[in-house]
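To keep things clear, I will list the structure first and then write my remarks on it.
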Amino acid sequence: MKKKANIGLALVIVLIATLATGIILHLKGHGIVLQPRSVIKIVHWSLGYAMTALLLIHWTQFHKMLSALRKRFAWFVADTWILLLLFLATFFTGTVKLLSPVKIPHLGLWHYSFGIAMAVTAAIHLVRGIPAWNRMRKIR
């Protein structure tokens, strides 16, 4: 159980770091360019894909429990599904942006918007999940 809590903590840390580097990259649209931009992009991409790996582990650990909680904790389950959909939208727009040989108009803004919405939804998910997380950390 403690391993599950550690994966959750790592997921939170990587999400915060990915969000911070994404906001730093977004500042270019407002005339603020922080250097070395190429290094910040690589860190952002690396963190994003690390978050994907952690999310897959987190999902495999908790998807059965989430199914069992469907009726009793409908709001938590709904928030989790919204979070998953926003993650997928952020992941796919970011991957297309990364791999596209041409610049697609407004794709970066869509990616940024999905990322911010995902971060807000993740915060709600975290606040609702902290009691369970604390119980898991105490189990030896």
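V120 belongs to a hydrophobic cluster whose remaining members, ordered by chain and number, are I124; membership requires side-chain heavy atoms of ILVMFWY residues under 4.5 Å apart, directly or through intermediates. Taking Ile, Leu, Val, Met, Phe, Trp and Tyr as members and joining any whose side-chain heavy atoms lie under 4.5 Å apart, directly or through other members, the hydrophobic cluster of V96 also contains I104, L107.
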**Request:** Go through the steps for T121 and F87 under the test side-chain contact (heavy atoms from CB on, under 4.5 Å), then give the verdict.
**Result:** CA-CA 10 Å; T121 309; F87 170 79; over 6 Å; no
**Prompt:** Can you check side-chain contact (heavy atoms from CB on, under 4.5 Å) on H125 and F76, steps first, answer last?
**Reply:** CA-CA 7 Å; H125 179 80; F76 183 75; 3.3 Å; yes
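Around CH2 of W45, the count of heavy atoms belonging to other residues, nucleotides or ligands within 6.0 Å exceeds 12.
Cluster annotation: L126 and L56 are assigned to distinct hydrophobic clusters (Ile/Leu/Val/Met/Phe/Trp/Tyr, side-chain heavy-atom contacts under 4.5 Å, transitive). Following chains of ILVMFWY side-chain contacts shorter than 4.5 Å, one cannot reach L85 starting from L11, and the two form parts of different hydrophobic clusters. By the criterion of side-chain heavy atoms lying less than 4.5 angstrom apart, applied directly or through intervening Ile, Leu, Val, Met, Phe, Trp or Tyr residues, M118 is grouped together with L98 in one hydrophobic cluster. Y112 and F92 are assigned to two separate hydrophobic clusters, defined by single-linkage of ILVMFWY side chains at heavy-atom distances under 4.5 Å. Tracing side-chain contacts under 4.5 Å through hydrophobic residues (I, L, V, M, F, W, Y), one reaches I7 starting from L83; they form part of the same cluster.
With sequence neighbours excluded, no residue forms a side-chain hydrogen bond (donor to acceptor under 3.5 Å, both in side chains) with H106. Residues satisfying the side-chain hydrogen bond (donor to acceptor under 3.5 Å, both in side chains) criterion with S113, sequence neighbours excluded, are absent altogether. Checked against side-chain hydrogen bond (donor to acceptor under 3.5 Å, both in side chains), T93 has the following partners two or more places apart in sequence or in another chain: H111. Under the side-chain hydrogen bond (donor to acceptor under 3.5 Å, both in side chains) criterion, T52 pairs with no residue, sequence neighbours left out.
Shown here for L19 and G115, the closest heavy-atom pair between the two residues is CD1-O, 4.4 Å. Considering every non-hydrogen atom in both L15 and A122, the closest pair reads CD2-CB, 3.5 Å. Nearest heavy-atom pair across V33 and Q35 is CG1-NE2, 3.2 Å.
Side-chain contact between F114 and L88: absent, with no pair of heavy atoms (C-beta onward) separated by less than 4.5 Å. Between F91 and M51, every side-chain heavy-atom pair lies at or beyond the 4.5 Å cut-off. Side-chain contact between H30 and H26: present, with at least one pair of heavy atoms (C-beta onward) separated by less than 4.5 Å. Inter-residue side-chain proximity for V43 and T18 is flagged as unmet; no heavy-atom pair is nearer than 4.5 Å.
Remark: the backbone N or O of V77 is not paired with any side-chain donor or acceptor of R70 at under 3.5 angstrom.
Taken to the nearest 0.5 Å, the CG atom of L47 stands 12.0 Å off from the CD1 atom of I40. Within the model, atoms CG of L25 and NZ of K28 stand 9.5 Å from one another, a figure rounded to the nearest 0.5 Å. Here T80 contributes atom OG1 and L66 contributes atom CG; the two are 5.0 Å apart, rounded to the nearest 0.5 Å.
In this structure, the ring of W75 has its center no less than 6.0 angstrom from the ring center of W81.
In this model, a donor atom of one side chain and an acceptor atom of the other lie less than 3.5 Å apart for T95 and Y49.
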